[in-house]
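Heads up, the thing below is written out as structure tokens.
Just so you know, ligand 1 is whichever comes first in the structure, and atom 1 is the first atom listed for that ligand. Because the structure is predicted, anything quoted here is derived from the model rather than measured. Sequence positions, counted from 1, serve as the residue numbers for this chain.
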Amino acid sequence: MFSIQSFIQEKIERERGMPVVMGILNVTPDSFSDGGLFVTSSAIENQVLSMLAGGVDIIDVGGESTRPGAEKVPLSEELERVIPVIEWITKRFNTVVSVDTYKTEVMREAVKNGANLINDVNALQSEGAVSVAVDANVSVCLMHKQGTFLTMQNAPSYQDVLVEVKRFLLERARCCEAQGVAKDKIILDPGFGFGKTFAHNEVLFQNLEVLTSLNYPVLVGVSRKKMIAEILNESSTLNRMAGSVAAAVLATLKGADIVRVHDVKETVDALKVTMRLRSS
Ligand code: 9MG
């Protein structure tokens with residue numbers, strides 16, 4: 001059965017320290033960066049083929065945008081959006097598929113249809129979510145966020161963001177393990193932009209080593225996010241590629257094992273060069 005830790009280890013050994021690249025496939029009409037681009041089946045197919053050609057390792061399929069204030073999608077609609085896509089990818093290609101959802105029913109159907117990883121921005125806190133992961137024996141990504149999707153960016157506040165994010169992630173990992181999720185199937189994720197100001201994101205990123213030394217793989221997702229825009233003073237999401245690639249490379253140098261990105265080929269190329277030319 002697929003274990004994310006072995007998957008990462010094999011890739012690192014095979015490809016000179018290269019991290020795992022997770023490509024984002026939003027099948028939503030309203031995602032913050034590529035909303036509406038991948039809603040027809042030919043657009044989805046083209047995007048999957050382009051990510052595979054670019055060197056993607058995991059395709060993360062999501063049917064509901066998690067950007068602040070995004071409209072909630074009814075369960076039936078989310079299922080209709082993501083399940084055929086997951087089934088299509090897993091039947092045709094030998095690639096790992098993750099499902100980006102916080103809804104237990106979507107997780108259950110996704111793993112039945114071949115998803116090997118549950119990427120949950122709610123860290124498996126929905127009723128029954130941990131049981132789905134345990135019963136299907138799949139890997140999970142536990143992400144930190146403060147507050148609800150609707151209000152999380154209103155006034156995020158922490159005494160010490162690094163300490164609180166670290167504590168939350170370790171608590172969730174231990175809680176999942178106590179219920180039967182194997183340790184080698186858990187990924188931690190600080191959740192950049194989820195209930196965090198620019199300053200909070202900056203502290204987390206600058207101190208990423210605190211999280212990457214916890215003995216769990218760490219996923220970093222900053223691709224095209226507002227924190228990149230704020231540094232670049234760039235409002236268009238499509239002009240954030242170079243900044244996003246730089247952040248993915250730096251995250252990897254700070255020990256991140258997985259980077260979640262929109263621009264797969266550009267990120268893979270930058271990582272290949274970095275890994276080949278770095279001193280050790
Ligand atoms: C779905 N999604 C959006 N941003 C994300 C991030 O930073 N990490 C993970 N795991 N998922 C995300």
Determine, step by step, whether E78 and T101 satisfy the side-chain hydrogen bond (donor to acceptor under 3.5 Å, both in side chains) criterion, reporting the C-alpha distance in whole Å, the side-chain angles of both residues, the deciding distance to 0.1 Å, and the verdict.
CA-CA 9 Å; E78 190 175 335; T101 190; 2.7 Å; yes

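Short contacts between ligand 1 and F194, defined as distances under 4.0 Å to a heavy atom of the residue, involve ligand atoms 3 (C), 4 (N), 5 (C). Ligand-side atoms of ligand 1 in range of L219: 8 (N), 10 (N), range being under 4.0 angstrom from any heavy atom. Near C141, with a cut-off below 4.0 Å to any heavy atom, the atoms of ligand 1 are 10 (N). Close approach of ligand 1 to D100 is summarised as follows: ligand atoms under 4.0 Å from at least one heavy atom of the residue are 1 (C). Against a heavy-atom cut-off of under 4.0 Å, M143 is close to the following atoms of ligand 1: 6 (C), 8 (N), 9 (C). Which parts of ligand 1 touch G221 is read off a 4.0 Å heavy-atom cut-off, strictly below it: atoms 7 (O).
Side-chain atoms of D100 do not come within 3.5 Å of backbone N or O of D60 as any donor-acceptor pair. Using a distance-only test at 3.5 Å, with no hydrogens or angles considered, no donor-acceptor pair links the side chain of K185 to the main chain of I4. Although no hydrogens or angles enter the test, the distance criterion places a donor-acceptor pair under 3.5 Å between the side chain of T212 and the main chain of K254. Panel note: side chain S244, backbone R224; a donor-acceptor pair is recorded below 3.5 Å. In this structure, the side chain of T90 engages the main chain of N113 through a donor-acceptor pair within 3.5 Å.
Scanning the protein heavy atoms around atom 4 (N) of ligand 1, the nearest turns out to be K225 NZ, 3.1 Å. Looking at atom 9 (C) of ligand 1, its nearest protein heavy atom turns out to be D189 OD2, 3.0 Å. When hydrogens are left out, the protein atom nearest atom 11 (N) of ligand 1 is N119 ND2, 3.2 Å; that is the closest non-hydrogen contact. Protein heavy atom nearest atom 3 (C) of ligand 1, with residue, atom name and distance: R260 NH1, 3.3 Å.
Shown are E164, K196, R167, R172; of these, the side-chain hydrogen bond (donor to acceptor under 3.5 Å, both in side chains) with H144 is made only by K196.
Distances between N or O atoms of G191 and those of ligand 1 include no value under 3.5 Å.
At a heavy-atom distance under 4.0 Å, only side-chain atoms of V121, from C-beta outward, approach ligand 1. The residue V222 has no part lying near ligand 1, judged by heavy-atom distances below 4.0 Å.
In K265, the NZ atom is not crowded: 12 or fewer heavy atoms of neighbouring residues, nucleotides or ligands sit closer than 6.0 Å.
No heavy atom of G62 sits closer than 4.0 Å to any atom of ligand 1.
The pair E64-R81 fails the salt-bridge criterion, with no side-chain N (NZ, NE, NH1 or NH2) lying under 4.0 Å from an Asp/Glu carboxylate O.
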